[in-house]
Amino acid sequence: GQSCIAAKRMLVHESLFDAFLAELKSAMNDFKVPDPMRRSSRLAPMVSEQEAILLERQVENVLKQGGQLIGALDRHKACFSPCIVKHERWPTGAVEEELFGPVFSVSAFSSREDLIHQVNSSSFGLGASLVGEDLFAMRSIAERLDEGGVFLNSPVFSDPKIPFGGVKH
């Protein structure tokens with residue numbers, strides 16, 4: 001249910017946005033509030049019921065500030081079903097809080113400059129992943145991101161053999 005390096009915030013080029021959102025929603029439908037006692041559960045509960053309640057409140061605050069919920073806001077004790085919060089642009093008020101659980105914050109970008117601006121406008125600078133075909137372009141973007149680490153065509157990961165940490169707050 002929680003991982004500090006899980007994908008939480010996704011910025012997708014506007015030309016791919018609707019298709020990406022449809023695929024994410026389809027994949028998310030395979031994950032419902034789990035019964036942690038069943039081996040077939042594909043999602044673990046959050047660390048505590050208090051953390052799940054906090055996440056639920058954070059999502060409700062984001063929705064009050066204009067985020068659009070895709071899926072259901074479904075919590076049972078410490079179990080929290082994945083959901084998507086769609087934003088027109090990043091950041092928006094409460095979205096500046098880290099949503100530490102199975103909530104995907106998704107927004108679009110229109111250009112490289114727009115992407116860099118949206119990423120760097122966050123008060124966080126932990127880790128980022130860039131996905132694409134043009135490695136040269138991705139490296140030039142990565143060099144301009146205020147992040148502790150940028151991964152190309154790979155999710156953010158930690159390994160005790162390499163430095164790991166963020167910048168900013």
Side-chain angles (χ1 to χ4, degrees), residues 1-110 114-115 118-119 121-124 126-133 138 145 147 149-158 166:
Q2 291 177 281
S3 170
C4 69
I5 57 174
K8 298 173 185 74
R9 174 180 164 211
M10 299 172 197
L11 294 143
V12 181
H13 191 271
E14 61 191 11
S15 67
L16 304 171
F17 189 77
D18 291 335
F20 176 84
L21 208 51
E23 287 291 325
L24 180 59
K25 184 178 177 186
S26 176
M28 188 183 71
N29 287 336
D30 290 341
F31 296 88
K32 300 293 179 205
V33 170
D35 175 352
M37 302 308 290
R38 298 184 73 184
R39 287 187 180 270
S40 62
S41 289
R42 297 183 65 201
L43 182 68
M46 294 180 61
V47 70
S48 70
E49 185 173 2
Q50 292 78 14
E51 285 295 313
I53 291 168
L54 172 63
L55 181 62
E56 186 175 41
R57 287 184 186 143
Q58 288 176 310
V59 171
E60 288 168 349
N61 285 337
V62 170
L63 298 177
K64 288 177 188 172
Q65 295 183 20
Q68 177 187 351
L69 182 66
I70 298 173
L73 191 53
D74 186 13
R75 179 189 64 81
H76 178 70
K77 296 187 178 183
C79 297
F80 201 103
S81 282
C83 64
I84 302 167
V85 179
K86 176 182 167 185
H87 309 275
E88 292 303 315
R89 299 216 18 105
W90 180 273
T92 58
V95 180
E96 268 297 293
E97 296 180 49
E98 183 178 16
L99 301 176
F100 193 54
V103 177
F104 300 99
S105 292
V106 183
S107 60
F109 69 91
S110 59
D114 183 31
L115 170 66
Q118 287 191 62
V119 170
S121 66
S122 171
S123 64
F124 301 112
L126 302 172
S129 293
L130 295 172
V131 178
E133 296 176 355
M138 291 188 330
L145 298 181
E147 298 290 330
V150 180
F151 297 77
L152 305 181
N153 291 329
S154 168
V156 173
F157 67 90
S158 64

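What you are looking at is a predicted structure, and each value in this text was computed from that prediction instead of being measured.
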Where do Q65 and N61 land on the side chain to side chain donor-acceptor pair (under 3.5 Å) test, with the steps shown first?
-> CA-CA 6 Å; Q65 295 183 20; N61 285 337; over 6 Å; no
Quick one: do L24 and M10 satisfy side-chain contact (heavy atoms from CB on, under 4.5 Å)? Show the steps, please.
-> CA-CA 11 Å; L24 180 59; M10 299 172 197; 4.3 Å; yes
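In terms of heavy-atom proximity, A78 sits nearest to A52 at CA-CB, 3.9 Å. Between M28 and I70, the shortest heavy-atom contact is CE-O, 3.8 Å. Listed here is the closest heavy atom pair of G132 and N153: N-OD1, 2.9 Å. Across all their heavy atoms, F20 and V12 have their closest contact at CD2-CG2, 3.5 Å. Across every non-hydrogen atom of G67 and V85, the tightest pair is CA-CG1, 4.0 Å. The two residues L145 and A128 come nearest to each other via the heavy atoms CD1-CB, 4.5 Å.
Under a 3.5 Å cut-off, the side chain of H13 and the backbone N or O of A108 do not form any donor-acceptor pair. With S122 contributing its side chain and V119 its backbone, the two residues share no donor-acceptor pair below 3.5 Å. S129 contributes a side-chain N or O that, together with a main-chain N or O of S154, makes up a donor-acceptor pair within less than 3.5 Å.
The number of heavy atoms from other shown groups lying within 6.0 Å of CD (E23) does not exceed 12. Residue K25 qualifies as open at atom NZ: its count of foreign heavy atoms under 6.0 Å is 12 or below.
Rounding to the nearest 0.5 angstrom, the gap separating the CG atom in D74 from the CD atom in E56 is 9.0 Å. Once rounded to the nearest 0.5 Å, the distance linking CG of L69 with NZ of K86 reads 12.0 Å. Between atom CD of residue Q58 and atom OG of residue S105 there is a gap of 10.0 Å, rounded to the nearest 0.5 Å. In this structure, I53 CD1 and M46 CE are separated by 10.0 Å, a value rounded to the nearest 0.5 Å. The distance from the NE2 atom of H87 to the CZ atom of R9 is 9.0 Å, given to the nearest 0.5 Å.
Considering only heavy atoms from C-beta on, F104 stays 4.5 Å or farther from L99 through its side chain. A 4.5 Å side-chain heavy-atom check between P45 and K77 finds every atom pair outside the cut-off. Counting only heavy atoms from C-beta outward, the side chains of M138 and V150 never approach each other to under 4.5 Å. A heavy-atom distance below 4.5 Å is not found between the side chains of L43 and F80.
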